[in-house]
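Each remark here refers to the structure printed beneath this line.
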Amino acid sequence: MSINVRIFAERDVKYRNKAGKTSTDTQTVKFEAYQTPTEASYAIVNNNDPAEAYANWVLKERSVDEEIPIYGEDDVFGDEEPVGFRTHNAGKAHVKQFIEWCNLVEKKGYTVKFEVM
């Protein structure tokens, strides 16, 4: 079993409780990171820029172009010959989603954090 990277973002928030008193708490949101080998997990977390290190690892280890068949509108079960193909790269799509997530949470006042678990 490997030690994986956990990517999350935290921010402190103030709120008014039922009694009307102001309290503070920490909100946390999680990014669904790929499972990483233990060695890669520690290298990512200990890097000066763990976000870049994670993205680079994904692009190196999980970036493969796949040809996905496209079927006609009337062929819902894919029984006939495909009418075409599209290229999909799960690693590139994941990195794009990761960068968008980081930008969104930082815009909302969160701090992105990395740890091993």
Side-chain angles (χ1 to χ4, degrees):
M1 191 160 144
S2 68
I3 304 288
N4 292 299
V5 171
R6 176 176 179 245
I7 303 172
F8 62 103
E10 289 183 336
R11 70 178 175 184
D12 293 329
V13 293
K14 290 183 181 181
Y15 64 94
R16 194 171 308 277
N17 65 19
K18 272 186 160 181
K21 293 184 180 181
T22 301
S23 295
T24 60
D25 202 355
T26 302
Q27 283 184 327
T28 304
V29 292
K30 178 183 171 190
F31 180 77
E32 291 296 329
Y34 279 155
Q35 289 186 346
T36 51
T38 300
E39 184 177 303
S41 299
Y42 282 107
I44 290 166
V45 170
N46 292 325
N47 191 291
N48 289 335
D49 188 348
E52 182 178 353
Y54 176 73
N56 288 340
W57 179 85
V58 170
L59 292 174
K60 180 180 177 209
E61 299 295 330
R62 300 287 190 260
S63 182
V64 177
D65 287 342
E66 296 180 81
E67 293 296 313
I68 308 294
I70 300 170
Y71 296 97
E73 288 182 26
D74 59 343
D75 185 12
V76 294
F77 297 109
D79 295 331
E80 305 296 323
E81 288 294 315
V83 296
F85 292 87
R86 68 177 176 87
T87 302
H88 178 71
N89 186 311
K92 288 180 182 177
H94 182 78
V95 168
K96 182 178 185 270
Q97 180 185 20
F98 170 63
I99 291 168
E100 289 171 353
W101 179 85
C102 287
N103 290 335
L104 177 65
V105 296
E106 287 173 348
K107 185 178 178 181
K108 291 182 174 186
Y110 288 87
T111 300
V112 177
K113 298 183 177 185
F114 293 76
E115 66 183 17
V116 292
M117 55 178 272

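Any value given below was found using the heavy atoms of this structure, including those in side chains, with hydrogens, waters and symmetry copies removed.
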Requested in this report: Report the C-alpha distance between Thr24 and Asp12 in whole Å, list the side-chain angles of each, state the deciding distance to 0.1 Å, and finish with yes or no for side-chain contact (heavy atoms from CB on, under 4.5 Å).
Outcome: CA-CA 7 Å; Thr24 60; Asp12 293 329; 6.0 Å; no
Query - Check: Gln27 main-chain N/O paired with Tyr110 side-chain donor or acceptor under 3.5 Å - result: no
Query raised in the report: Is a side-chain N or O of Arg11 found less than 3.5 angstrom from the main chain of Lys108, in a donor-acceptor match?
Result: yes
Query raised in the report: Got a sec, which residues hit side-chain hydrogen bond (donor to acceptor under 3.5 Å, both in side chains) with Ser63, two or more places apart in sequence or on another chain?
Result: Asn89
Query raised in the report: Given Glu10 and Thr111, is the side-chain contact (heavy atoms from CB on, under 4.5 Å) satisfied, shown in steps?
Result: CA-CA 5 Å; Glu10 289 183 336; Thr111 300; 5.7 Å; no
Minimum-distance pair of heavy atoms, taken over all atoms of [X] and [Y]:
| X | Y | answer |
| --- | --- | --- |
| His88 | Ala93 | CE1-CB, 4.2 Å |
| Glu106 | Val112 | OE2-CG2, 3.8 Å |
| Ser2 | Asn4 | OG-OD1, 3.4 Å |
| Ala9 | Val105 | CB-CG2, 3.9 Å |
| Trp57 | Tyr34 | CZ3-CB, 4.1 Å |
| Val45 | Glu115 | CG2-C, 3.8 Å |

Reported [atom1]-to-[atom2] distance for the pair [X] and [Y], which is rounded to 0.5 angstrom:
| X | Y | atom1 | atom2 | answer |
| --- | --- | --- | --- | --- |
| Lys30 | Arg6 | NZ | CZ | 7.0 Å |
| Gln97 | Leu104 | CD | CG | 11.5 Å |
| Glu81 | Asp75 | CD | CG | 9.5 Å |

Query - Hydrophobic cluster membership, Phe31 vs Val29, 4.5 Å side-chain cutoff - result: yes
Query raised in the report: Are Val116 and Phe114 connected, step by step, through hydrophobic side chains (Ile, Leu, Val, Met, Phe, Trp, Tyr) whose heavy atoms are closer than 4.5 Å?
Result: yes
Query raised in the report: Between Thr87 and Glu67, is any side-chain donor less than 3.5 angstrom from a side-chain acceptor?
Result: yes
Query raised in the report: Hey, what's the ring geometry for Tyr54 with Phe98, parallel, tilted or perpendicular (30° and 60° as the breaks)?
Result: perpendicular
Report task. Among residues two or more places apart or on two chains, list those pairs meeting side chain to side chain donor-acceptor pair (under 3.5 Å) that have a residue in residues 40-49. Result -> Thr36-Ser41
